[in-house]
Each structure stands twice: as structure tokens, then as C-alpha cells.
Amino acid sequence: MDIKLLRSFATVALLEHVGQAAEKLHISASPLSRQIQQLENELGVTLFHREKKRLRLTEAGRKFLDEVTPFLQHHARLTDYGHSLTQAESVRLDIGYVEAAIHSRILPNAIARIDPQSGIAIHLHAMRSKQQRELLEERALDVALLHTPPEKGVLFSQKKVLTEPVLLAMPKAQAIAAPTPADLQKQRWIADHAHLNPAARARLLAACEQAGFQPGITLEVNGPLAALACVEAGLGFTFIQQSLAISVPDTVSLVMLPWLPLEITLYAVWRKDDARPLIHDFLKAINLAEESLL
């Protein structure tokens with residue numbers, strides 16, 4: 001399977017528009033459309049619903065994208081690694097992470113504690129927990145920062161590095177001083193696309209059900225910052241991790257719900273058989289960053 005077809009597919013899936021994807025890929029729209037058709041013919045499945053000028057992923061397309069994305073990331077890493085082999089003095093550290101590691105600032109703070117004169121070339125890879133576990137097992141990642149760690153066994157070591165509460169974000173014009181489950185049952189809700197992190201969606205819905213309400217999700221977005229922008233526009237309510245509170249505009253109200261059993265947890269995971277000093281140094285930096293957040 002031609003990797004060029006996979007890149008084209010992933011770009012169209014991201015932008016949902018052939019013209020915009022073609023511009024980003026520096027080709028014209030017609031050849032790009034033919035590439036997508038060629039990939040569908042090769043796989044024997046329909047990857048996109050055609051809706052006028054927009055293309056939206058089918059269920060098969062979403063599942064295929066879940067596999068294509070980490071493959072392309074791994075391919076890019078291997079390419080970079082091959083180029084870096086000519087730089088013998090450089091030591092490379094590949095770190096996978098979920099968004100919470102950035103928003104909580106634990107990952108940037110840890111990197112800031114690594115001596116810039118150490119010669120370590122740090123490469124960051126944003127991806128879901130499942131993809132990180134797979135790439136860590138294949139030695140395509142050195143350290144993973146993720147929500148759902150692997151089962152304890154002989155292959156991996158792990159350490160919980162962050163636990164923080166989740167806050168309710170509301171448009172200030174629609175804010176409720178002390179929301180009850182009944183109040184929240186009536187609201188429109190904004191959440192990440194279900195296929196981006198099925199486990200997180202399941203945890204969210206289970207916690208809400210346990211608390212006594214079912215959020216009516218009317219808008220799906222990519223990431224908490226996009227959700228906050230939609231809350232600011234008055235499009236609904238959402239949940240965010242507490243460390244994002246400093247990024248919230250004045251037009252959004254935040255409140256903690258003591259009756260909602262929901263929190264963000266982050267783990268550092270690495271291979272037990274990886275005894276390189278740079279792994280120890282990074283984990284030490286993570287510990288210091290964790291302490292600075294307390």
C-alpha cells in the first residue's frame with residue numbers, strides 16, 4: 001500500500017474537504033480525489049460520505065484512520081531517526097503524550113529541567129494512550145505519558161504523575177451557581193469526538209450516569225481548547241481539567257462539582273529493560289515537575 005495514499009487519506013480526514021487538503025498537500029483536487037478513490041478500491045470499503053463539497057468519515061473510515069495515524073507517526077519518526085544517525089553526538093529521546101500532559105504543563109516543565117547542554121534531542125509525539133502503549137512495546141517510543149497504563153507485568157514500569165479534578169465550564173450568560181444533576185440534564189453539551197478517545201468518552205458518560213444525569217452531547221470537537229471556544233460562543237457546557245482554568249476567558253464560568261466522580265489521571269510508562277541514563281534523567285525531571293505543580 002502506497003504511503004502517499006495514506007498521507008492523502010489522513011489529510012482529507014482531518015480537513016474534511018478535498019480542496020483544502022489538496023492545497024495542504026501541494027497537489028490539485030482532481031488527483032487527490034483519484035487517490036482517495038484508489039485507496040477505497042484497494043481496500044474494498046467506503047472511507048468517506050460525500051456531502052456536497054465536504055467528505056466525512058464513515059465508520060470504516062474512522063477505524064482505518066485510528067490505524068493509519070500511528071503508522072504515519074511511526075514512519076515519520078523512523079525517517080527522522082535515520083537522518084539523525086549521521087549526528088553521532090546527539091542522543092534522541094522520543095516521548096509520547098496525551099493533551100493533558102501539555103495542558104497541565106507537567107511535560108513542558110519536565111523538559112525545561114533537562115540540561116540543554118546534555119545533547120539530548122527530544123521528539124514529542126501526540127497520540128492516544130493505546131497507540132503509545134503499542135509503540136512503546138515496539139521500542140518506537142522511549143517514554144509514554146498517557147491516561148490508561150498497560151496492565152502491570154514484566155515488560156513495563158509505570159508511575160502516576162498527575163491527578164487533578166475536572167471542572168464544569170459554562171457560558172457566563174447561562175451560568176448556574178450551584179448546578180445539580182437535574183440542572184445539567186437540561187443543557188446542551190460539547191465533547192471530544194467519540195472516536196478520538198472512546199475510553200475517555202466512556203468514563204465521562206459513566207461518571208455522569210453515576211451522578212444522576214445523562215449529558216446530551218450536541219456538538220463534538222477536537223480537544224478541550226476547541227470545546228472552550230464553543231462554550232465561549234454560548235454553544236453549550238463542557239468539562240475541562242483544572243489546569244486549563246488559567247486559559248479560560250472572562251465570558252466562561254467555571255465551577256467544581258463535588259458530587260461528580262471524575263478526574264484526570266496521567267501516568268508515565270517506560271520499558272523495564274531500558275536502563276539508559278537519559279530515561280532516568282527524564283523521569284527525575286518528571287518528578288520535579290510534578291512536585292512543582294503541588
Side-chain angles (χ1 to χ4, degrees), residues 97-107 127-133 144-152 156 158-172 174-228 230-232 235-248 252-269 286 289-294:
Y97 69 93
V98 291
E99 277 192 278
I102 296 293
H103 297 319
S104 65
R105 293 167 181 77
I106 192 167
L107 178 54
M127 58 184 71
R128 288 165 43 187
S129 296
K130 177 177 181 291
Q131 296 163 351
Q132 291 189 58
R133 293 194 301 268
L145 294 174
L146 39 71
H147 292 304
T148 309
E151 294 183 5
K152 293 185 177 180
F156 300 117
Q158 59 180 261
K159 180 184 186 301
K160 185 185 292 186
V161 297
L162 176 73
T163 300
E164 65 175 335
V166 167
L167 305 179
L168 172 64
M170 306 170 283
K172 182 155 287 187
Q174 305 168 31
I176 304 168
T180 65
D183 293 326
L184 300 185
Q185 181 73 41
K186 305 171 186 176
Q187 308 302 323
R188 296 179 299 169
W189 285 87
I190 303 161
D192 269 355
H193 286 284
H195 71 274
L196 292 178
N197 196 333
R201 173 69 72 94
R203 285 194 297 269
L204 167 65
L205 295 179
C208 293
E209 183 177 0
Q210 182 179 342
F213 75 102
Q214 294 181 326
I217 298 172
T218 58
L219 183 60
E220 293 185 311
V221 297
N222 289 354
L225 296 181
L228 274 174
C230 292
V231 173
E232 185 180 10
L235 300 179
F237 289 22
T238 196
F239 290 112
I240 63 168
Q241 63 189 97
Q242 187 179 44
S243 53
L244 272 177
I246 62 173
S247 303
V248 172
V252 173
S253 292
L254 298 178
V255 64
M256 186 177 294
L257 302 176
W259 46 263
L260 182 68
L262 190 62
E263 61 185 13
I264 296 291
T265 306
L266 193 65
Y267 295 84
V269 182
I286 280 284
E290 178 189 7
E291 292 170 4
S292 71
L293 295 175
L294 297 178

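Keep in mind the model is a prediction, meaning the values are calculated, not measured.
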- Task: Dump the intermediate steps for side chain to side chain contact (heavy atoms under 4.5 Å, CB included) on K130 and L146, then the final yes or no.
- Result: CA-CA 9 Å; K130 177 177 181 291; L146 39 71; over 6 Å; no
- Given side chain to side chain contact (heavy atoms under 4.5 Å, CB included), test I286 with K159 step by step and report yes or no. CA-CA 10 Å; I286 280 284; K159 180 184 186 301; 5.9 Å; no
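Of all heavy-atom pairs spanning P181 and A211, the tightest one is CG-O, 3.3 Å. The two residues A191 and I217 make their nearest non-hydrogen contact at CB-CD1, 3.9 Å.
Atom CD of Q185 sits in a crowded spot, with more than 12 heavy atoms from other residues, nucleotides or ligands closer than 6.0 Å.
Checked by atom type and distance alone, the side chain of R105 pairs as donor or acceptor with a backbone atom of H103 at under 3.5 Å. The main-chain N or O of Q214 is never found under 3.5 Å from a side-chain atom of E209 such that the two would form a donor-acceptor pair. Judged by distance alone, with hydrogens and angles left aside, the side-chain atoms of T238 form no donor-acceptor pair with the main-chain N or O of A227 at under 3.5 Å.
Scanning for side chain to side chain donor-acceptor pair (under 3.5 Å) contacts around R128 gives D66, with sequence neighbours left out.
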N/O donor-acceptor pairs under 3.5 Å from side chains in residues 161-170, not counting sequence neighbours:
unit_1	atom_1	unit_2	atom_2	d
E164	OE1	S243	N	3.0
E164	OE1	S243	OG	3.3
E164	OE2	Q241	NE2	2.6
E164	OE2	S243	OG	2.9

Would you be so kind as to tabulate the donor-acceptor pairs closer than 3.5 Å made by side chains of residues 258-265, with sequence neighbours excluded?
unit_1	atom_1	unit_2	atom_2	d
W259	NE1	P179	O	3.3

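Within the 4.5 Å cutoff, the side chain of I240 has no heavy atoms near those of the V231 side chain. The shortest side-chain heavy-atom distance between I190 and F237 does not fall under the 4.5 Å cut-off. F156 is not listed as a side-chain neighbour of R133, based on a closest heavy-atom distance of 4.5 Å or more. Side-chain contact check for P215 versus L184: every heavy-atom pair is 4.5 Å or farther apart. Looking at heavy atoms from C-beta onward, L145 lies out of side-chain contact with Y267 at the 4.5 angstrom threshold. The closest side-chain heavy-atom distance from C208 to W189 is not below 4.5 Å.
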